[in-house]
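Values in this document were obtained by computation on a predicted structure and should not be read as measured data. In what follows, chains are A, B, ... by sequence order, proteins preceding strands, each numbered from 1.
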Number of protein chains: 2
Amino acid sequence: MSKKIFLTQLKKEGKLFPAEGRHISDDELINLTVKELNRLLKGLTRDEVVKLKQRRRTLKNRGYAANCREKRLSQKEILESEKDKLKNEVDRLQRENDVVKMELSALRSKCQAMDRFATLHDIRVLPPPIIVSSASHENSVIVKTEPLSLTMSDAMSVS
Amino acid sequence: MSKKIFLTQLKKEGKLFPAEGRHISDDELINLTVKELNRLLKGLTRDEVVKLKQRRRTLKNRGYAANCREKRLSQKEILESEKDKLKNEVDRLQRENDVVKMELSALRSKCQAMDRFATLHDIRVLPPPIIVSSASHENSVIVKTEPLSLTMSDAMSVS
DNA sequence: GTGATAAGTTAGCAT
DNA sequence: ATGCTAACTTATCAC
């Protein structure tokens with residue numbers, strides 16, 4: 001899109017339509033206090049007063065409109081940036097979620113492996129063995145075991 | 001905010017300003033094809049032609065402007081709904097994250113407990129005991145153990 | 001009167 | 001010619 005050059009821009013800057021009998025620029029007129037305006041209005045015809053006041057009002061409205069447009073734009077930008085922020089948050093959480101799920105999965109494997117290992121090797125909870133005979137035969141001892149035994153999980157009350 | 005009743009609404013509906021010499025309503029004029037318009041323009045003065053065409057253009061522009069505003073509004077609504085959707089997604093992921101983290105934490109506890117339990121009870125990996133004597137004395141057997149033994153974690157190569 | 005905003009008008013661009 | 005959109009103007013409302 002090429003740059004737009006509005007005739008209204010020139011008009012706005014007071015470079016067009018020198019205005020019959022205008023003695024004050026748009027910029028000046030718009031920035032007068034009511035007091036100053038009234039002073040300026042002294043000695044003007046009723047028609048001139050009305051026209052000048054109307055011009056001031058229109059100029060003010062022009063500013064309000066510009067304001068309004070800018071506000072609309074900035075609110076849109078705010079909305080978009082909030083949306084972007086949320087999108088990033090979603091990504092972050094999604095990634096974090098993936099990581100935690102992988103950790104969970106890995107840990108589950110480890111736990112299952114431990115359970116399986118314990119089962120496979122029949123690791124059971126036994127009361128401390130009671131030495132029956134202290135006379136050992138090549139690394140061997142005579143022990144007494146209780147018939148009661150539990151799996152590790154049972155003993156820990158762990159699922 | 002109370003309902004706004006614009007004079008321009010009446011003007012738009014052609015109920016105000018009966019228009020000097022107008023023989024066609026806004027609605028009709030705006031919906032003419034170019035062909036129909038040209039037929040209508042026959043026999044009018046150059047000035048009347050220009051004015052009628054200008055009126056048509058203005059009416060069309062009025063519609064375009066309304067269009068433009070509506071589009072602006074709907075895009076804003078889309079933005080907001082997308083934002084809401086993302087916000088919900090963030091909430092959902094956050095909750096899911098919390099759940100998974102709790103699970104992970106619980107499982108970690110379980111694993112640690114198993115490790116501690118194994119250590120506490122000195123559960124070690126031993127080769128299958130070798131029965132030295134089948135003659136048992138009240139629930140006791142004579143077994144031979146190897147001096148080699150590993151912790152459960154070591155044996156599983158698990159951290 | 002001042003400021004805001006919806007609707008309408010105008011200017012300018014693009015197709 | 002048609003459609004769109006930024007800027008402007010007008011009509012209205014709230015304060």
Start at the 5' end of DNA chain D and walk down; is the nucleotide closest to A65(B) or to V34(B) reached first? V34(B)

Protein-nucleotide distance (E36(A), atom CD; dG1(C), atom C1'), rounded to Å: 16 Å

Kindly state each residue pair satisfying side chain to side chain donor-acceptor pair (under 3.5 Å) with at least one member in residues 88-101 of chain A, sequence neighbours excluded. E89(A)-R92(A), R92(A)-E96(A), E96(A)-K101(B), K101(A)-E96(B)

Using whole Å, what does the distance between atom P of nucleotide dA1(D) and atom CG of L59(B) come to? 16 Å

Round to the nearest Å and state the distance from L32(B) atom CG to dT2(D) atom C1'. 15 Å

Using atom types as modelled and distance alone, determine if a side-chain donor or acceptor of N67(B) lies under 3.5 Å from a backbone N or O of G63(B). no

Per nearest nucleotide of DNA chain C, the residue lying toward the 5' end, R72(B) or R57(B), is R72(B)

Below 4.0 Å: OP1/OP2 of dA7(D) and any side-chain N or O of R62(A): no

Going by an N to O cut-off under 4.0 Å, is there a salt bridge joining K87(B) and E82(B)? no

With respect to the phosphate group of dT2(C), does any side-chain polar atom (N or O) of R56(A) fall under 4.0 Å of OP1 or OP2? yes

Rounded distance (Å) that lies between atom P of dG3(C) and atom CD of E70(A): 16 Å

Find which nucleotide of DNA chain C each of T33(A) and N61(B) is nearest to by heavy atoms, and output the residue with the more 5' nucleotide. T33(A)

Residue T58(A), side-chain heavy atoms: nucleotide from dT9(D), dT10(C), dT2(C) that is nearest: dT9(D)

Proximity to the side chain of N67(B) - top-ranked nucleotide from dA4(C), dC4(D), dT9(C): dC4(D)

Contact between I30(B) and D26(B) at the side-chain level, heavy atoms closer than 4.5 Å - yes or no? no

Which comes earlier along DNA chain D counting from the 5' end, the contact point of K53(B) or that of K71(B), where each point is its nearest nucleotide? K53(B)

At under 4.0 Å, does any side-chain N or O of R69(A) touch on OP1 or OP2 of dA7(D)? yes

Begin from the C-alpha positions of S74(A) and E70(A) and carry the test side-chain hydrogen bond (donor to acceptor under 3.5 Å, both in side chains) through to its verdict. CA-CA 6 Å; S74(A) 70; E70(A) 202 179 339; over 6 Å; no

What's the NZ-P distance between K60(A) and dT9(D), to the nearest Å? 15 Å

